[in-house]
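One structure below.
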Number of protein chains: 2
Amino acid sequence: MGQSNPPFMTGVPELLVLRLLAEREMYGYELARRIRLVTDDVIRLGEGVIYPALHGLEAAGALKARRKTVNGRTRVYYRLTSKGRRRLERLLADWERVSTGVEAVLEEPAGA
Amino acid sequence: MGQSNPPFMTGVPELLVLRLLAEREMYGYELARRIRLVTDDVIRLGEGVIYPALHGLEAAGALKARRKTVNGRTRVYYRLTSKGRRRLERLLADWERVSTGVEAVLEEPAGA
DNA sequence: TTGTTATATATCGTGGTTCAAGGTATAATT
DNA sequence: AATTATACCTTGAACCACGATATATAACAA
């Protein structure tokens, strides 16, 4: 009974989160803001995407959380684990493969 | 009572189908084969994706179907309408925007 | 003081895409 | 005779991503 593979274009939010956390420790709200900023508002991941992704990644052992209070507000900082780094590599390769595939079709010059 | 927007990474199968049909008239089975071939087997769209996409596109007026019997087998050839061409332009622009956004995050060099 | 905006976390219900699997039928190959 | 390739199609479910909602503090305006 069918377990199906994830759709081939998914996992991008996860990829973005992991990639940013590879640079430095960040917290959820910051990640959302940063993605909006860097993509010029093209990609806007809401809290309903960011937080579940973060929690899932942490549960999978790809992230480690650290609580910190700044200005009376509690932030949860996440950093990559080695497992997370490996996962990032994999997702990076997936993205490259798939986007290259899409480009191949788009540039395809009517070959027989 | 939310109707939600489609996820930001979707619509790629539709894009690929429209792009190939912009070259020339093709039928469903052929499209599936062609996408597999051009992408080096990276993207494999099954019939469960191809045919519903084709039907939806036709219902939306983006494609025009034409029945043709070859070697005793019936094929349904699809060609782009002007509406389909416009839709292709839009999806093309969407893909460019989004993939550029993803790349921006991936190449992001730790800017503050 | 009251209201709104920004910061910061979290969950929930649901909607829509994509998926594998199944179903029909003819032609070609083994 | 059986399997593979061609060719169409539908269905049920999985899953991600979405908007909405909730809570709480700080900053700023009116």
Side-chain angles (χ1 to χ4, degrees), chain A residues 1-17 25-37 42-60 63 65-78 91 94-95 98 101-102, chain B residues 1-17 25-37 42-60 63 65-78 91 94-95 98 101-102:
Chain A
M1 308 130 65
Q3 37 129 44
S4 52
N5 290 333
F8 75 101
M9 277 313 300
T10 55
V12 174
E14 196 177 299
L15 168 62
L16 300 185
V17 165
E25 202 177 42
M26 287 173 104
Y27 55 98
Y29 192 79
E30 189 184 9
L31 282 163
R33 237 183 354 188
R34 190 123 192 77
I35 289 172
R36 257 182 280 139
L37 184 75
V42 169
I43 302 177
R44 311 167 53 98
L45 300 185
E47 302 97 325
V49 176
I50 283 286
Y51 291 114
L54 253 13
H55 298 156
L57 252 9
E58 191 192 5
L63 298 180
R66 184 170 72 96
R67 238 145 242 292
K68 203 177 168 186
T69 300
V70 179
N71 297 340
R73 287 191 217 85
T74 301
R75 294 177 181 168
V76 185
Y77 281 87
Y78 293 90
L91 290 178
D94 286 348
W95 165 259
V98 170
V102 172
Chain B
M1 322 246 22
Q3 39 132 39
S4 54
N5 291 332
F8 75 101
M9 278 311 301
T10 57
V12 174
E14 197 177 299
L15 169 62
L16 300 185
V17 165
E25 202 179 42
M26 287 173 103
Y27 54 99
Y29 192 79
E30 189 185 8
L31 283 163
R33 237 184 351 187
R34 189 123 192 75
I35 289 171
R36 255 181 282 138
L37 184 75
V42 169
I43 302 177
R44 312 167 54 97
L45 299 185
E47 300 99 324
V49 176
I50 282 286
Y51 290 115
L54 252 13
H55 300 155
L57 251 9
E58 192 193 4
L63 298 180
R66 182 170 72 95
R67 237 144 243 293
K68 204 177 167 187
T69 300
V70 179
N71 298 339
R73 288 191 216 86
T74 300
R75 292 176 182 170
V76 185
Y77 281 87
Y78 293 91
L91 289 178
D94 287 348
W95 166 259
V98 170
V102 172

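Residue numbering restarts at 1 for every chain, and letters A, B, ... go by the order of the sequence lines. It should be emphasised that the depicted structure is a prediction, and the values quoted were computed from it without experimental measurement.
Between Leu15(B) atom CG and dT17(C) atom P there is a gap of 14 Å when expressed in whole angstrom units. Atoms CG (Asn5(A)) and C1' (dT17(C)) sit 15 Å apart, rounded to a whole Å. Here the P atom of nucleotide dC18(D) and the CD1 atom of Ile35(A) are 11 Å apart, to the nearest Å. Distance Arg73(B) CZ to dA28(C) C1': 8 Å, rounded to the nearest Å. Atom CG in Leu31(B) sits about 12 Å away from atom C1' in dA7(D), given to the nearest Å. Counting to the nearest Å, the P atom of dG16(C) and the CZ atom of Phe8(B) are 18 Å from each other. Taking atom OH of residue Tyr77(B) and atom P of nucleotide dT6(D), one finds them 13 Å apart after rounding to whole Å. Nucleotide dT9(C) holds its P atom 15 Å from the CG atom of Leu45(A), rounded to whole Å.
Nearest-nucleotide assignment on DNA chain C puts the 5′-proximal partner with Arg67(A), out of Pro6(B) and Arg67(A). The residue among Met9(A) and Glu30(B) whose nearest nucleotide of DNA chain D lies closer to the 5′ end is Glu30(B). Both Asn71(A) and Pro7(A) lie near DNA chain C, and the one whose nearest nucleotide falls closer to the 5' end is Asn71(A).
Residue Val70(B) is out of contact with every strand shown, counting any heavy-atom pair closer than 4.0 Å. If you check every strand for non-hydrogen atoms under 4.0 Å, Arg33(A) touches sugar and phosphate atoms only.
With contacts defined as side-chain heavy-atom distances shorter than 4.5 Å, the pair Leu54(A)/Leu31(A) qualifies. Annotation: side chain of Val42(A) is not in contact with side chain of Phe8(B) (no heavy-atom distance under 4.5 Å). Between Ile43(A) and Val12(A), the closest side-chain pair of non-hydrogen atoms is not below 4.5 Å. With contacts defined as side-chain heavy-atom distances shorter than 4.5 Å, the pair Val17(A)/Tyr78(A) does not qualify. Side-chain contact between Tyr29(A) and Arg34(A) is absent, with no heavy-atom pair separated by less than 4.5 Å.
The side chain of Arg75(B) lies closest to dA7(D) when the candidates are dT18(C), dA7(D), dT9(C). Comparing dA10(C), dT17(C), dG19(D) against the side chain of Thr10(B) picks out dT17(C) as the nearest.
In this structure, CG in Leu15(B) is found 11.0 Å from OG1 in Thr10(B), a value given to the nearest 0.5 Å.
The phosphate of dT9(C) has neither OP1 nor OP2 within less than 4.0 Å of any side-chain N or O from Tyr27(A). Applying the 4.0 Å criterion to OP1 and OP2 of dC8(D), one finds that Tyr29(B) has every side-chain N and O outside that range.
Within the 3.5 Å criterion, the main-chain N or O of Gly11(A) finds no donor-acceptor partner in the side chain of Glu14(A).
Within a heavy-atom distance below 4.0 Å of DNA chain C, the residues of residues 47-55 of chain B found are Gly48(B), Val49(B).
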